[in-house]
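All values below were derived from every heavy atom in this structure, side-chain atoms included, with hydrogens, water molecules and symmetry-related copies excluded. Note that ligands are numbered from 1 as they come in the structure, with each ligand's atoms numbered from 1 the same way.
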Amino acid sequence: MNNKYLMERSLKTVWHPCTQMKQHEVLPLVPIARGEGAWLYGFQGERYLDAIGSWWVNLFGHTNPRINAAIREQLDKLEHVMLAGFTHEPVIELSERLGNLVSGKLGHCFYGSDGASAIEIALKMSFHYWHNSGHPEKNDFVSLQNGYHGETLGTLSVTDVALFRDTYAPLLRHSAHVLTPDWRYAAAGESAEDYTQRAAAALEAHLAQHHAETAALIVEPLVQGAAGMGMYHPDYLKLARQICDKYRVHLIADEIAVGFGRTGTMFACEQAHITPDFLCLAKGLSGGYLPLSVVMTTDSIYQAFYHDETTHGFLHSHTHAGNALACRAALATLDIFEHDDIINTNRVKANYLNHAVQPIASHPTVKNFRNCGMIWAFEVETNDPAFAGRFFQAALAQELVLRPLGNTVYFMPPYIINEQEMDLLAAGTLRALDSC
Ligand SMILES: *Cc1c(COP(=O)(O)O)cnc(C)c1O
């Protein structure tokens with residue numbers, strides 16, 4: 001297959017996400033023929049290490065034999081049945097196992113197809129809970145500065161990333177954004193602890209004034225992904241939980257990017273020893289194979305909807321909710337976590353990569369080198385507004401898929417990455433930095 005032929009056909013008919021299509025006059029599309037393990041392969045023998053897990057979804061490599069086998073087996077039994085009025089084994093087993101993973105406190109699973117739909121579900125469910133409980137005036141949300149929760153109209157309202165939000169602002173609902181706990185925003189000389197306290201105080205000041213009309217606080221626990229991998233201390237989550245309890249406001253944990261081991265624990269909230277009222281999961285949930293998302297919530301929230309009246313029930317549906325193939329992929333993914341003791345083996349891998357990347361951390365143009373679990377990020381000092389595109393190209397030339405967010409370069413490798421591949425990642429990134 002000829003690369004140029006595929007690029008031309010693709011550009012004629014495929015409108016690519018988050019892309020100024022005109023940029024493809026100079027930035028070639030990358031046709032991919034197949035994937036295997038941590039690698040993506042082109043049609044002419046090119047190969048690229050997928051160091052960002054295909055937009056943060058891929059946990060155990062491409063065409064993973066165990067996930068493939070599970071999907072194949074399911075394919076011959078049941079590919080899909082609607083979840084309204086029907087049920088099936090994969091969705092039951094997945095709900096049970098997810099419930100056990102989060103200590104049994106979030107035992108009710110509501111399914112969607114992608115991350116944004118999970119956030120829409122959590123927002124609507126929180127509002128509807130208050131409505132059913134005699135507080136329909138609680139219909140506002142508060143989120144964090146630099147937060148990202150998706151790009152549908154509802155989720156953009158609680159998102160604070162100018163690139164995604166500004167153009168569509170007239171379509172959005174007003175929503176408050178409070179000071180981010182991301183330590184890069186600490187004042188000069190301010191300790192991380194003091195900054196965490198200051199961010200929590202800003203949240204408290206907001207809720208002290210607005211709790212009566214606020215349904216929920218929504219956060220990305222520990223790592224604010226899309227705004228540039230901003231990292232913060234688990235103490236903030238602990239304080240946020242206390243503040244939400246004090247003011248009777250729900251806490252929605254958007255673990256779409258950070259769930260499933262990304263921050264070093266199965267779920268990021270574990271590091272703060274808290275349970276949110278709603279836990280949103282997607283991306284890695286199916287090992288990155290199929291679109292699947294879930295919102296997990298508590299029994300007390302579930303009970304507020306359990307009633308003789310139809311309109312007391314949660315009135316929301318996505319056609320492909322709980323798709324059997326996607327649930328089966330998710331079950332195979334959970335099997336791998338268990339059988340291969342992934343959380344612990346990832347710790348060893350993270351140590352290895354932390355050593356290998358030392359020359360990057362001390363590179364003269366690199367700032368704020370940081371790591372949380374299986375996420376690494378750093379800023380590159382540059383005045384070039386086209387840096388991200390140029391670095392992407394420079395990384396491809398080193399057989400690496402790296403797609404900076406502005407001037408933030410990050411790694412989110414699949415967990416099957418081995419030492420040799422981590423060495424390639426570190427050395428190739430250094431060469432890309434030098435050539436760019
Ligand atoms: C990716 C992401 C979403 C949106 O998920 P989609 O599947 O792209 O709709 C929401 N929140 C966070 C934190 C994400 O990283």
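No close placement of the Y111 and H318 rings is indicated, their centers lying 6.0 Å or farther apart.
In this structure, atom 8 (O) of ligand 1 has its sub-4.0 angstrom surroundings free of protein heavy atoms.
Between W39 and Y41, the ring planes lie tilted relative to each other; the angle falls in the 30° to 60° range. Ring orientation note: the planes of H128 and H131 are nearly perpendicular, at an angle over 60° on the 30°/60° scale.
Considering backbone and side-chain atoms alike, A116 places an N or O below 3.5 Å from some N or O of ligand 1. Ligand 1 has no nitrogen or oxygen under 3.5 angstrom from a nitrogen or oxygen of W56. At least one N or O atom of G115 sits closer than 3.5 Å to an N or O atom of ligand 1.
Residue-ligand proximity, A257 to ligand 1, at heavy-atom distances under 4.0 Å covers atoms 15 (O).
The closest side-chain donor-acceptor pair between T365 and E381, if any, does not fall under 3.5 angstrom.
Distance from atom 14 (C) of ligand 1 to its nearest protein heavy atom, with residue and atom name: K283 NZ, 2.9 Å. D254 OD2, 3.4 Å is the protein heavy atom nearest to atom 12 (C) of ligand 1.
Side-chain atoms of Y415 come within 3.5 Å of backbone atoms of R262 as a donor-acceptor pair (strictly under, hydrogens ignored). Put simply, the side chain of Q398 never gets that close to the backbone of L400: no donor and acceptor are under 3.5 Å apart.
Distances from atom 10 (C) of ligand 1 to the heavy atoms of E151, E120, H149, E220 show the closest one on H149.
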